[in-house]
Amino acid sequence: QVQLVESGGGLVQPGGSLRLSCAASGSIFAFRTMAWYRQVPGLERELVASITSGGRIVYADSVKGRFTISRDNTKNTPLLQMDSLKPEDTAVYYCNVVSAALQAYWGQGTQVTVSS
């Protein structure tokens with residue numbers, strides 16, 4: 001079994017930065033995609049950024065130019081560097097990894113709050 005745990009969230013002023021990481025309790029030998037999602041209460045969970053095993057990266061339009069997704073080569077989990085944060089970035093952020101066998105793994109989320 002694989003469990004993911006996000007870390008790095010917190011309270012930050014507008015224009016500030018945070019770096020999110022994702023720890024895996026088990027080993028993921030091969031992955032199809034790695035991604036970060038976020039969710040505000042009452043709204044659908046949305047894709048923030050993703051990266052495939054082939055290196056293709058996709059960002060939500062709302063975060064382009066501000067967020068950067070990368071892979072932790074040791075953990076085989078995604079990292080998310082968030083710069084120029086805005087109040088509308090406030091959400092719970094979730095780590096997601098889809099294995100080569102198309103099994104999806106999720107973390108419990110980490111709160112990111114950007115004050116106005």
Side-chain angles (χ1 to χ4, degrees):
Q1 293 183 349
V2 175
Q3 297 287 337
L4 303 178
V5 180
E6 301 90 343
S7 63
L11 176 64
V12 65
Q13 295 295 118
S17 298
L18 288 172
R19 184 175 177 85
L20 305 184
S21 61
C22 181
S25 63
S27 178
I28 302 176
F29 295 100
F31 73 96
R32 180 67 60 88
T33 63
M34 298 182 181
W36 288 94
Y37 289 76
R38 66 187 181 188
Q39 188 170 25
V40 177
L43 300 179
E44 282 287 313
R45 188 173 299 185
E46 66 173 347
L47 176 68
V48 176
S50 66
I51 181 169
T52 71
S53 60
R56 182 182 180 185
I57 296 175
V58 174
Y59 292 102
D61 287 340
S62 60
V63 307
K64 286 181 179 177
R66 301 188 298 118
F67 291 9
T68 303
I69 189 171
S70 61
R71 180 168 64 93
D72 185 323
N73 291 323
T74 300
K75 300 178 181 178
N76 265 352
T77 54
L79 301 170
L80 186 68
Q81 177 67 43
M82 304 185 293
D83 299 315
S84 301
L85 283 162
K86 303 175 180 180
E88 49 263 47
D89 294 319
T90 296
V92 177
Y93 285 70
Y94 296 90
C95 173
N96 169 259
V97 177
V98 179
S99 73
L102 302 181
Q103 178 66 52
Y105 302 96
W106 293 90
Q108 295 299 307
T110 185
Q111 178 70 47
V112 172
T113 301
V114 185
S115 65
S116 59

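Predicted model, so just to flag it, every value in this text is computed and none were measured.
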I'd like to know whether N76 forms a side chain to side chain contact (heavy atoms under 4.5 Å, CB included) with R71, so could you lay out the CA-CA distance, the side-chain angles of the two residues, the decisive distance to 0.1 Å, and finally the verdict. CA-CA 6 Å; N76 265 352; R71 180 168 64 93; 3.0 Å; yes
Heavy atoms only: give me the nearest [X]-[Y] pair and the separation to one decimal.
X    : Y    : result
Y94  : G107 : CD2-O, 3.5 Å
Q111 : A91  : NE2-O, 3.4 Å
R19  : S70  : NH2-OG, 4.5 Å
E6   : G109 : OE1-N, 2.8 Å
L4   : C95  : CD1-SG, 3.8 Å
L20  : G9   : CD2-N, 3.6 Å

When clusters are formed by joining ILVMFWY residues with side-chain heavy atoms under 4.5 Å apart, either directly or through shared neighbours, do [X] and [Y] land in the same one?
X   : Y    : value
M82 : I57  : yes
L47 : W106 : yes
Y37 : I69  : no
V97 : V92  : no

Salt bridge or not for D61 and K64, using N-O below 4.0 Å? yes
Less than 4.5 Å apart, side chain to side chain, heavy atoms only: is that true for [X] and [Y]?
X   : Y    : value
P14 : S115 : yes
F67 : L18  : no
V63 : R38  : yes

Would the distance check show the side chain of S84 and the main-chain N or O of R66 forming a donor-acceptor pair, the cut-off being under 3.5 Å? no
Under 3.5 Å: donor-acceptor pair, side chain of T90, backbone of V114: yes
In Å and rounded to the nearest 0.5 Å, what is the [atom1] to [atom2] distance from [X] to [Y]?
X    : Y   : atom1 : atom2 : value
S116 : Q13 : OG    : CD    : 8.5 Å
C22  : L80 : SG    : CG    : 11.0 Å
T68  : Y59 : OG1   : OH    : 4.5 Å
M34  : L79 : CE    : CG    : 9.0 Å
W36  : I51 : CH2   : CD1   : 13.5 Å

Looking at Q3, I'd like to know if its CD atom is crowded, meaning that more than 12 non-hydrogen atoms belonging to other residues, nucleotides or ligands lie closer than 6.0 Å. no
